[in-house]
Amino acid sequence: MSQYNLRHDWTRSEVQALFALPFNDLMFQAQTAHRQYFNPNQVQVSTLCSIKTGACPEDCAYCPQSARYDTGLEREKLMAVEKVIEEAKLAKASGATRFCMGAAWRSPKAKDMQYVVNMVKGVKSLGLETCMTLGMLNENQAQELAGAGLDYYNHNLDTSPEFYGDIITTRTYQDRLNTLANVRQAGMKVCCGGIVGMGEEEDDRVGLLLQLANMPEHPESVPINMLVKVEGTPLADEADLDPFDFIRTIAVARIVMPASHVRLSAGRETMNEQTQAMAFLAGANSIFYGEKLLTTPNPEANKDMQLFKRLGIEPEPYETEHTEEALTHAIEQQMVDAQNDKFFYNAAN
Ligand code: SAM
Ligand code: DTB
Ligand code: SF4
């Protein structure tokens, strides 16, 4: 039986070789790896909420929220805790199982911590999984958020170490790795991925996935964002990435981190449904759901539900990986795989 084990010793040439596979071979491997760890017809559904918008001091070249670029975005102060909880209730009612709160900060200030802690507690009490992305965290901040019950912290590496300096100059790659280490140390789950379509080379996509896959523990959640080009940002006129190269990135992420959720993240608004279906086939099993990402549009919720229906996909229930049903499915799948191996073996002999 073909086995996709959890490895943390991927070499550059191995990951390059995956990217270089004929498309159909890569898709077959990715789908095989996917079926070893997940129900292939379930997709996790998260909703984003911008709890503090715009006027960010950082210079991330892709970001509409940086104060350095004139993107016409209206800045908004930290949202009241009650309002965040109202938004979370709406997200839950429309079918999301995780609520991701994002702030346009370099890092949270001491005075902000009590509010974000109360947001975590309030959202969690609704029976939703919680995720936050607030910029860099020191050890104490990570401990405080973990203590409040925060399930996931999102902090992206964004791209390869080599290309990183072309995109961001106000914080280093090492700063990001330090935050991720603080999040792990505090016992939270890690959500970490990147953006493609920023003018990087294929080898930068290799470099990003190599960094993620060779972490001591794989991030539980790996968002692969397609650049959303926003007028006024330095990357507004970047050339489109070939959609097949986007799908290849998802497929390789699935193979090198087979037990992680890979999120078909930003960029779906300009992606046709066939490309999204192909992303699911490549092993993407999480999406952002709801009309808005943080500041830019996302497909309408009912359009996504229609797409799920047409593809026979169901939203993944909260904590599905621990349920008896998921275990039964994994065992059944192993039996099907064993049967298939027997079939291929017999056919070849
Ligand atoms: N300010 C915090 C930080 O950067 O750590 C948290 C919020 S920030 C908006 C979260 C992530 O959104 C970024 O790391 C980046 O990967 C993604 N992102 C931001 N703007 C994007 C865009 N235009 N297209 C695709 N992804 C984007
Ligand atoms: C992630 O990787 N993508 C999300 C989330 N983590 C915070 C953000 C996408 C933002 C897209 C641009 C915007 O809407 O402002
Ligand atoms: Fe600020 Fe985050 Fe946007 Fe960078 S990605 S400018 S840190 S909000």
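The structure displayed is predicted, hence computed values, not measured ones.
Side-chain contact annotation: Ser160 with Gln211, donor-acceptor N/O pair under 3.5 Å absent. Looking at Gln31 and Arg35, their side chains do bring a donor and an acceptor atom within 3.5 Å of each other. Neither side chain, Asn225 nor Tyr62, offers a donor N or O lying under 3.5 Å from an acceptor on the other. Checking Asp175 against Thr172 by side-chain atom types alone, a donor-acceptor pair falls below 3.5 Å. For the residue pair Asn285/Gln42, the side-chain donor-acceptor check at 3.5 Å is not satisfied. A donor-acceptor contact closer than 3.5 angstrom is absent between the side chains of Asn118 and Gln114.
Ring geometry for Phe308 versus Phe280: interplanar angle over 60°, hence perpendicular rather than tilted (30 to 60°).
Looking at Asn41, its side chain never comes within 3.5 Å of a backbone N or O of Ile313 through a donor-acceptor pair. For Asn156 (side chain) and Gly193 (main-chain N/O), a donor-acceptor pair under 3.5 Å exists by modelled atom type. Side-chain N or O atoms of Thr47 include one that pairs as donor or acceptor with a backbone N or O of Tyr289 at under 3.5 Å. Judged by distance alone, the side chain of Asn154 and the main-chain N or O of Thr133 form no donor-acceptor pair under 3.5 Å. Side chain of Tyr69 to backbone of Asp59: a donor-acceptor contact under 3.5 angstrom is found. With Asn138 contributing its side chain and Gln141 its backbone, the two residues share a donor-acceptor pair below 3.5 Å. Between the Arg176 side chain and the Asp158 main chain, no donor and acceptor come within less than 3.5 Å of each other. Distance alone, capped at 3.5 Å, places no donor-acceptor pair between the Asp25 side chain and the Pro22 backbone. Side chain of Tyr153 to backbone of Asn182: no donor-acceptor contact under 3.5 angstrom is found. Under a 3.5 Å cut-off, the side chain of Arg248 and the backbone N or O of Pro243 do not form any donor-acceptor pair.
In this structure, the ring of His34 has its center no less than 6.0 angstrom from the ring center of Tyr4.
The residues Arg171 and Glu58 are annotated as salt-bridged, a charged nitrogen and a carboxylate oxygen being separated by less than 4.0 angstrom. Between Glu86 and Lys83 no salt bridge is recorded (no basic side-chain N to carboxylate O distance below 4.0 Å). By the 4.0 Å N-to-carboxylate-O rule, Glu220 lies close enough to Arg184 to be salt-bridged with it.
Using a 4.5 Å heavy-atom cutoff, the side chains of Val84 and Phe99 are in contact. You'll find the side chain of Met79 stays beyond 4.5 Å of the side chain of Met101, heavy atoms only. Put simply, the side chain of Leu311 does not reach to within 4.5 Å of the side chain of Gln276, judged on heavy atoms. Looking at Lys189 and Asp151, their side chains never come closer than 4.5 Å, going by heavy atoms from C-beta outward. With contacts defined as side-chain heavy-atom distances shorter than 4.5 Å, the pair Leu157/Leu177 qualifies. For the pair Leu78/Trp105, a side-chain contact is recorded, criterion being any heavy-atom separation below 4.5 Å from C-beta on. Met27 places a side-chain heavy atom less than 4.5 Å from the side chain of Ile247. Between Pro317 and Thr97, the closest side-chain pair of non-hydrogen atoms is not below 4.5 Å.
Annotation: Glu231, atom CD; neighbour count of heavy atoms from other residues, nucleotides and ligands within 6.0 Å does not exceed 12. Around atom CG of Asp242, more than 12 heavy atoms belonging to other residues, nucleotides or ligands sit under 6.0 Å away. Within a 6.0 Å radius of CD in Glu201, other residues, nucleotides and ligands contribute 12 heavy atoms or fewer. Environment of CZ in Phe244: sparse, with no more than 12 heavy atoms of neighbouring residues, nucleotides or ligands closer than 6.0 Å. Counting non-hydrogen atoms of other residues, nucleotides and ligands closer than 6.0 Å to NZ of Lys229 gives a total above 12. In the displayed structure, Gln16 atom CD is contacted under 6.0 Å by more than 12 heavy atoms of other residues, nucleotides or ligands. For Gln185, the CD atom sits in a loose shell: 12 or fewer heavy atoms of surrounding residues, nucleotides or ligands are nearer than 6.0 Å. Other residues, nucleotides and ligands contribute at most 12 non-hydrogen atoms within 6.0 Å of the CG atom of Asp237.
Cluster annotation: Leu90 is not connected to Leu48 through the hydrophobic network of ILVMFWY side chains, with a link wherever side-chain heavy atoms come within less than 4.5 Å. If you chain together hydrophobic residues whose side chains sit under 4.5 Å apart, Met188 and Val117 never meet in one group. Note: the hydrophobic cluster containing Leu294 does not contain Leu73 (ILVMFWY, side chain heavy atoms under 4.5 Å, direct or indirect links). Residues Met136 and Tyr152 do not share a hydrophobic cluster, defined by chaining ILVMFWY side chains whose heavy atoms lie under 4.5 Å apart. A single hydrophobic cluster is seen to contain both Leu212 and Val196, as judged by linkage of ILVMFWY side chains at heavy-atom distances under 4.5 Å, directly or through other members.
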* Check step by step if side-chain contact (heavy atoms from CB on, under 4.5 Å) holds for Leu134 and Ile51. => CA-CA 9 Å; Leu134 314 172; Ile51 60 170; 4.0 Å; yes
* To do: Could you give me the CA-CA distance, side-chain angles and deciding distance for Asn140 and Glu144, then say whether side-chain hydrogen bond (donor to acceptor under 3.5 Å, both in side chains) is met?
  => CA-CA 6 Å; Asn140 292 339; Glu144 209 174 330; over 6 Å; no
* Between Gln65 and Thr71, is a side-chain contact (heavy atoms from CB on, under 4.5 Å) present by the stated rule, with each step listed? -> CA-CA 8 Å; Gln65 304 205 65; Thr71 61; over 6 Å; no
* Asked: Does the pair Asp304 and Arg268 meet the rule for a salt bridge (Lys or Arg N to Asp or Glu O under 4.0 Å), with working shown?
  -> CA-CA 10 Å; Asp304 278 341; Arg268 291 197 301 117; 2.8 Å; yes
* **Chi angles and distances behind the side-chain contact (heavy atoms from CB on, under 4.5 Å) call for Ile168, Cys60** => CA-CA 5 Å; Ile168 298 140; Cys60 312; 3.8 Å; yes
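Residues forming a side chain to side chain contact (heavy atoms under 4.5 Å, CB included) with Glu14 (at least two apart in sequence, or on another chain): Arg7, Trp10, Thr11. For His155, there are no ring pair (Phe, Tyr, Trp, His ring centres under 6.0 Å) partners two or more places apart in sequence or in a different chain. Under the rule for a ring pair (Phe, Tyr, Trp, His ring centres under 6.0 Å), the partners of Tyr164 that lie at least two apart in sequence or sit in another chain are Tyr173.
One finds the CD atom of Glu129 at 12.0 Å from the NZ atom of Lys92 (value rounded to the nearest 0.5 Å). Between atom OG1 of residue Thr169 and atom CZ of residue Arg68 there is a gap of 6.0 Å, rounded to the nearest 0.5 Å. Rounding to the nearest 0.5 Å gives a distance of 10.5 Å between OH of Tyr318 and CD of Gln44. To the nearest 0.5 Å, atom SG of residue Cys191 and atom CZ of residue Arg263 are 4.5 Å apart. In this structure, Phe38 CZ and Ser260 OG are separated by 7.0 Å, a value rounded to the nearest 0.5 Å. The CE atom of Met215 lies 5.0 Å from the CG atom of Leu180; values are rounded to the nearest 0.5 Å.
Taking both residues in full, the closest heavy atoms of Glu269 and Pro297 are given as CB-O, 3.6 Å, listed atom of the first, atom of the second, then distance. Between Gly122 and Ile85, the closest heavy-atom pair is CA-CD1, 3.7 Å.
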